[in-house]
Amino acid sequence: MSTHASDPLAALGSLPGVADAVDSVRKAVDRVYGHRVMRRRSNEISSEAALRGARGSAALAGADWALEEVRRRTDFSADPEARTVGAALRLGAEAGQLLSIWRQSPLRVLARLHLVAAGDPGASVGRPRLDGESVGEPLIEAPAPAPAEVAGRLDGLAELIVAGGDAPALVTAAVVHGELLALRPFTSYNGLVARAAERIVLVGSGLDPKAICPAEVGHAEQGRAAYVAAFEGYLSGTPEGVGAWIAHCGRSVELGVRESTAVCEALQRGAA
């Protein structure tokens, strides 16, 4: 990601397809927030969105469990897939507690997210990886940057977030997500952390204040191949590639909206 504009994130709004994606997401979010069920049962919608978002994020990380299995299971320590699902659920629960810290100290939030995902205060947990440490992210095969580059780019990303600006929430969320996938700063759970950070931006920005539009659902629904292909566009750094990644993230939010709209309809019918 690079641009010479004074507000780099806002400048991305002029990339191909981005303005249309931002507008489409805004309209979709407004529609679900206007649903009559939201006026009295929004907490139920938020809880269900967190569960379904966690399931989607875990599916992208290789643990593609049925929703009812995620809902039913209580032990998430038995094997790697179970640990991935457990990590995604913990992140979904934790993200809402970190909104007030994000704009002041995003690196502190990222460290906390990794600690929550790992569930184990080991030597490499809750801090960026060091030289010689492995990189954990099964879905992304692109070479991971060296720790020194990771540190510099994390600082740059944090500066952009703290500075704020006029960029639409979707643009900021997509860049945070893409940059964390590109850097893979931790030794494990990088994809889960990247998607949790995307959620924090979407919620904290005011676009989705009740956390009912789980982009993770949409990312999973579009499939791992489409996710990787869109991310490779971001990684290319070209205007078309970055614009396509942002649009992909926008479509994911819209699919998350569709999921929560279906939950609203089911509650309205008394079927859920």
Side-chain angles (χ1 to χ4, degrees), residues 46-47 49-51 53-58 60-61 63 76-77 80 82-130 133-140 144-145 147 149-164 169 172-211 213-216 219 249:
S46 296
S47 295
L51 181 72
R55 193 217 74 82
S57 192
L60 287 171
F76 295 98
S77 62
R83 288 192 290 274
T84 295
V85 175
L89 288 167
R90 290 192 298 273
L91 286 172
E94 184 76 8
Q97 311 304 312
L98 300 172
L99 298 173
S100 62
I101 306 171
W102 175 254
R103 285 295 295 272
Q104 285 73 45
S105 186
L107 298 185
R108 180 179 160 200
V109 169
L110 293 174
R112 174 63 184 171
L113 290 174
H114 186 240
L115 180 63
V116 168
D120 171 22
S124 66
V125 172
R127 61 153 175 79
R129 55 189 165 81
L130 305 175
E133 291 182 330
S134 62
V135 179
E137 178 43 49
L139 190 55
I140 306 303
E149 181 182 348
V150 169
R153 286 172 63 177
L154 280 176
D155 285 343
L157 183 64
E159 288 172 8
L160 287 175
I161 293 164
V162 171
T172 303
V175 168
V176 166
H177 184 172
E179 195 69 359
L180 291 174
L181 275 186
L183 296 178
R184 279 149 286 159
F186 303 111
T187 56
S188 59
Y189 298 117
N190 285 290
L192 294 182
V193 168
R195 292 183 287 276
E198 178 185 49
R199 168 177 281 248
I200 286 172
V201 175
L202 293 170
V203 174
S205 67
L207 176 66
D208 179 23
K210 295 183 183 293
C213 307
E216 307 97 319
H219 286 304
C249 291

Could you give me the CA-CA distance, side-chain angles and deciding distance for L89 and L51, then say whether side chain to side chain contact (heavy atoms under 4.5 Å, CB included) is met? CA-CA 7 Å; L89 288 167; L51 181 72; 3.8 Å; yes
Should F186 and L113 count as side-chain neighbours, where that means a heavy-atom distance under 4.5 Å? no
Selection residues 99-127 - residue pairs positive for salt bridge (charged side-chain N to carboxylate O under 4.0 Å, His left out), sequence neighbours left out: E94-R112, R127-E133
Restricting to non-hydrogen atoms, name the atom on E137 and the atom on G191 that form the minimum distance, rounded to 0.1 Å. OE1-N, 2.7 Å
Between V176 and L160, is a side chain to side chain contact (heavy atoms under 4.5 Å, CB included) present by the stated rule, with each step listed? CA-CA 10 Å; V176 166; L160 287 175; over 6 Å; no
Tell me, please, which residues at least two apart from S100 pass side-chain hydrogen bond (donor to acceptor under 3.5 Å, both in side chains). none
Here the pair of heavy atoms bringing V135 nearest to R129 is CG2-NE, 3.4 Å
Check A169 against L202 and note the closest heavy-atom contact, atom names and distance. O-CD2, 4.3 Å
From I161 atom CD1 to L110 atom CG, the distance as rounded to the nearest 0.5 Å: 7.0 Å
Closest heavy-atom pair and its distance - P138, A61: CG-O, 3.7 Å
Under the side chain to side chain contact (heavy atoms under 4.5 Å, CB included) test, which residues partner A82, sequence neighbours left out? W65, R73, D79
Are side-chain heavy atoms of P145 and L183 found at a separation under 4.5 Å? yes
Which pair of non-hydrogen atoms, one from R199 and one from P214, has the smallest distance, and what is that distance? NH2-CB, 3.3 Å
For R184, give me all partners under salt bridge (charged side-chain N to carboxylate O under 4.0 Å, His left out), at least two apart in sequence or on another chain. none
Residues 187-198 vs side chain to side chain donor-acceptor pair (under 3.5 Å), sequence neighbours excluded, gives S57-R195, H114-S188, S124-T187, H177-E198, R195-Y227, E198-H219
To the closest 0.5 Å, what do you measure between CD (E149) and CG (L154)? 10.5 Å
At what distance, to the nearest 0.5 angstrom, does CD1 of I101 lie from CD1 of I200? 9.0 Å
Nearest non-hydrogen partners of P185 and L180, listed with the distance: CD-O, 3.6 Å
Sorted by chain and residue number, the side chain to side chain contact (heavy atoms under 4.5 Å, CB included) partners of A58 (sequence neighbours excluded) come out as A63, T84, V85, A88
